[in-house]
Amino acid sequence: MQSNKLGWILLAPTLVILFFFGVLPFLYVVFVSFHQWNPFAASPEMIFNGAENFRRIVFDDAFLSSLGVTVAFVVFAVLSELIIGYLLAQAFMKEFPGKSIFRTIHTLPLIMAPIIVGSVWKLMTTPSIGIIPHYLDEWFGITMNIGTSAPAAFLTIVIMDIWHWTPLVTLTLIAALVSLPRDPFEQAQIDGANKAQTFWHITLPMITPALVATIFIRLMDALRTVDEVWMLTGGGPGSSTRFLGVHIFKEVFPKTNYGYGSTISVIVLYLTIVVCWLLYVSMLAPRKNRKG
Amino acid sequence: MNFALKVGVSALAMAIASSAAYADDAFWKEAAKPYQDVTLHGVTESSPPSIYIREVLAPQFEELTGIRVDIETTSWDQMFDKAIKDMEAGTGIYDLVYIEQDIIYSYLARDFLADTTKLLADSPKLKAPTYSEDNFTTFANYFRGENGDLYGIPMEAFIKIYLYRTDLFNDAEIKAAFKEQTGRDLVPATTHAEYAEIAQFFTKWGEDHDMDLWGTTAQAHTGHPASWYEFFETIAPTFGVYNWGIDADNNFAASVANGGTMNSDDAKEAMKWWLSMRDIAPPESNASTWTEVGTTFGAGRVAQGLVYGENAGWIAADETKSLVVGNVGVALPPLQDGIMDEVEGGTGYIGYYDGGAFGIPSTSKSQEAAMLFLQYIGQDEVQPDWAVAAPRVTNKSTYDDPKVQAMNEELGGYYDLLRDKGYLFAGAPAYPFHAQVREATAPILYQILTGDLGPEEGLDQMAAKAEAELTDLGYRK
């Protein structure tokens with residue numbers, strides 16, 4: 001009883017902060033999402049319009065297009081980060097000259113704010129000024145212009161995200177790999193298992209919890225990406241990199257369409273929860289059932 | 001001289017001169033007595049004129065009055081975001097907000113701003129002897145409400161001008177080649193056809209001579225509203241399409257079918273001409289906002305272009321940033337036949353008169369102290385050094401100051417143009433739905449720029465979208 005009370009006392013400050021800065025704003029956004037509200041409309045007051053915003057979103061081409069490019073971005077970026085991150089984590093498990101220097105350099109992007117990453121990549125990719133288009137042209141005769149080519153802009157953003165966030169995946173997977181017991185690996189070696197079999201039947205199942213946690217973090221981050229994209233392309237060319245985060249930003253801030261913007265935010269949150277739940281059910285629940 | 005140095009020199013000069021120059025120090029000290037515990041908080045865009053306020057004028061004011069002024073300079077988007085949220089929620093964090101000319105009507109529609117004329121009329125003790133609304137240029141009229149009162153103290157004003165390279169235009173070999181090719185002398189263009197001819201000539205000249213030189217700038221970012229502004233505020237008016245092609249007196253019609261001009265033949269011709277210029281501009285143009293256009297010109301990569309006046313200063317005079325110092329001329333934008341007569345006759349305008357003011361939010365808890373500060377920065381006495389440090393003119397007397405006249409020489413006569421021809425330019429139309437219509441239609445413009453939509457089809461869609469948005473907002477019935 002005593003320990004319960006102490007626990008609640010210790011938790012109280014966090015819960016109070018969370019309530020005021022997390023729960024209340026969220027409830028307010030849900031409340032606003034059922035209203036038509038643009039402070040610069042002819043009628044600037046908040047008008048309850050039921051589920052009209054939610055009905056509208058289903059037929060909103062701009063939202064659906066934004067959802068499409070976001071899903072494509074999430075799939076390409078997160079999958080690439082997992083594969084590259086795992087390979088790097090495995091590399092860092094071995095000893096090689098200059099390992100600590102390489103690991104430090106490799107981790108540096110993580111400490112950069114997304115808006116800075118966007119600025120740096122903008123400088124590197126601006127046509128005729130940036131180093132990347134310059135050398136692509138000089139060495140390979142490739143013209144790269146993220147202001148006109150939608151695939152180039154999309155690919156640049158995916159690569160930028162991979163560069164920025166792969167170190168996070170590497171670090172979490174190194175932690176997972178380091179904590180694995182040696183016995184199963186030695187046993188597999190004695191039984192004559194090859195590398196692929198060892199990975200598939202021992203390593204992967206054992207690091208799955210860490211892998212899922214990493215996927216959750218990256219998935220949620222990627223779904224709400226704004227800063228880097230805003231800085232690099234502003235959502236262009238056209239709407240080719242207008243990811244959901246950018247779409248919501250443009251709807252809520254410049255357009256001051258608070259009602260509809262809140263609706264999109266709620267839907268995006270709902271989609272994120274559904275995707276994470278599906279991931280959880282498909283990857284972790286079967287393990288729990290087996291153990292049970 | 002770079003901006004930081006100018007700010008430093010200005011600060012020093014003004015500090016030394018302050019005791020002599022301000023004979024009315026006693027007024028400021030007396031008027032500020034009731035506000036000694038006040039700290040004023042302001043938010044503005046991180047631009048040279050605003051940085052000058054933060055670094056020079058605010059400290060001077062604090063020293064003179066004891067009223068502390070904290071000026072937060074941030075990005076354009078953040079500045080609006082912070083100011084609007086504060087005024088919308090009524091939190092009263094800010095006592096001073098930057099009002100860009102194009103958003104004043106939205107703010108006035110929501111009663112976000114305090115009436116500075118009334119504030120001074122109601123509190124005569126606050127009225128500084130050196131401050132008068134009559135001192136401002138006509139640009140101040142953009143910040144007046146329907147009652148004629150002033151809701152913002154002008155702090156910067158520029159026109160978007162036609163900038164050209166005098167070294168290239170006066171080069172004997174180039175002049176001869178141009179004459180041979182076109183049959184006319186190489187002088188700044190007055191029509192679109194002449195401008196296009198010069199642009200094509202220089203882009204080819206750059207190619208033929210293996211130079212990083214193109215014939216024109218283009219503010220044609222494919223994902224940033226800068227391109228929308230270039231078309232509707234700079235290019236379209238020169239073809240006779242005013243106020244974004246929306247007729248406010250005709251139920252806010254945008255399409256030709258309903259009485260607007262957003263998709264008129266003139267608008268379509270303007271769009272085609274602009275796209276043709278974009279195609280021969282430097283490759284970075286598709287990713288260029290107003291900032292990058294200035295950078296492109298300052299880097300010596302173009303022979304001519306349409307450039308915001310706020311950038312003209314450093315392009316023409318700042319050797320630490322510009323490679324074309326001393327080689328810049330200014331002129332009026334090229335026009336379609338008949339437009340100048342139309343504008344001189346009182347209809348329309350030939351380009352964009354840009355700028356901003358400082359206002360006091362209705363929600364400010366220190367309006368009187370804020371009014372003192374606004375009068376301080378609105379005095380004739382502080383203008384010349386400010387105009388030299390960050391080229392902008394808001395007071396009539398500033399033009400005659402020797403320092404400003406010397407600067408005018410460096411800028412190729414920019415201040416003369418602003419004073420003598422400023423009346424031909426106009427700010428954004430008086431729409432309370434500025435950002436809303438821009439954001440609704442901009443994605444279609446981006447598609448035109450990427451070639452996903454043709455100019456004619458695209459403008460038809462933009463007009464329809466503008467009308468739909470105005471209907472949603474309740475302005476169009």
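Here is how names work: the chains are called A, B, and so on, in the same order as the sequence lines, proteins then strands, and each is numbered from 1.
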Answer yes if the side chains of Asn258(B) and Glu467(B) hold a donor-acceptor pair under 3.5 Å, and no otherwise. yes

Part of Phe80(B) within contact of chain A (heavy atom distance under 4.5 Å): neither

Among Ser128(A), Gly236(A), Gly234(A), which residue has the highest count of heavy-atom pairs closer than 4.5 Å to chain B? Ser128(A)

Quick one: what part of Tyr260(A) sits under 4.5 Å from any heavy atom of chain B, side chain, backbone, both or neither? neither

Which atoms of Phe112(B) approach chain A - backbone, side chain, both or neither, heavy atom under 4.5 Å: side chain

Side chain, backbone, both or neither: which part of His221(B) has an atom under 4.5 Å from a heavy atom of chain A? side chain

For atom CD of Glu45(A), decide whether the heavy atoms of other residues, nucleotides or ligands shown that lie under 6.0 angstrom number more than 12. yes

Sort Pro283(B) into side chain, backbone, both or neither according to what part of it lies under 4.5 angstrom from a heavy atom of chain A. both

Mutual orientation of the aromatic rings belonging to Tyr107(B) and Phe40(A) [parallel < 30°, tilted 30-60°, perpendicular > 60°]: parallel

Mind ranking Thr256(A), Thr126(A), Asn257(A), Ile146(A) by heavy-atom pairs under 4.5 Å with chain B and telling me who comes out on top? Thr256(A)

Please flag which part of Ile84(B) lies under 4.5 Å from any non-hydrogen atom of chain A: side chain, backbone, both or neither. side chain

For chain A, which candidate among Pro225(B), Ala440(B), Ala109(B) shows the most heavy-atom pairs at distances under 4.5 Å? Ala440(B)

For a side-chain contact (heavy atoms from CB on, under 4.5 Å) check, start with the C-alpha distance between Met144(A) and Ile132(A), then their side-chain angles and the critical distance, and finish with the verdict. CA-CA 8 Å; Met144(A) 176 192 177; Ile132(A) 295 175; 3.7 Å; yes

Quick check for you: among Ser106(B), Ala287(B), Gly474(B), Pro282(B), which has the greatest number of heavy-atom pairs under 4.5 Å with chain A? Ser106(B)

Flag the one option from Lys85(B), His224(B), Arg110(B), His434(B) with the top tally of heavy-atom pairs under 4.5 Å to chain A. Arg110(B)

Near-ring test Trp76(B)/Trp290(B), centroid separation under 6.0 angstrom: yes

Under 3.5 Å donor-acceptor, His164(A) side chain and Met160(A) backbone: no

Salt-bridge test for Glu292(B) and Lys122(A): reply yes if a basic N is under 4.0 Å from a carboxylate O, no otherwise. yes

Which bit of Gln36(A) comes within less than 4.5 Å of chain B, counting heavy atoms only: side chain, backbone, both or neither? side chain

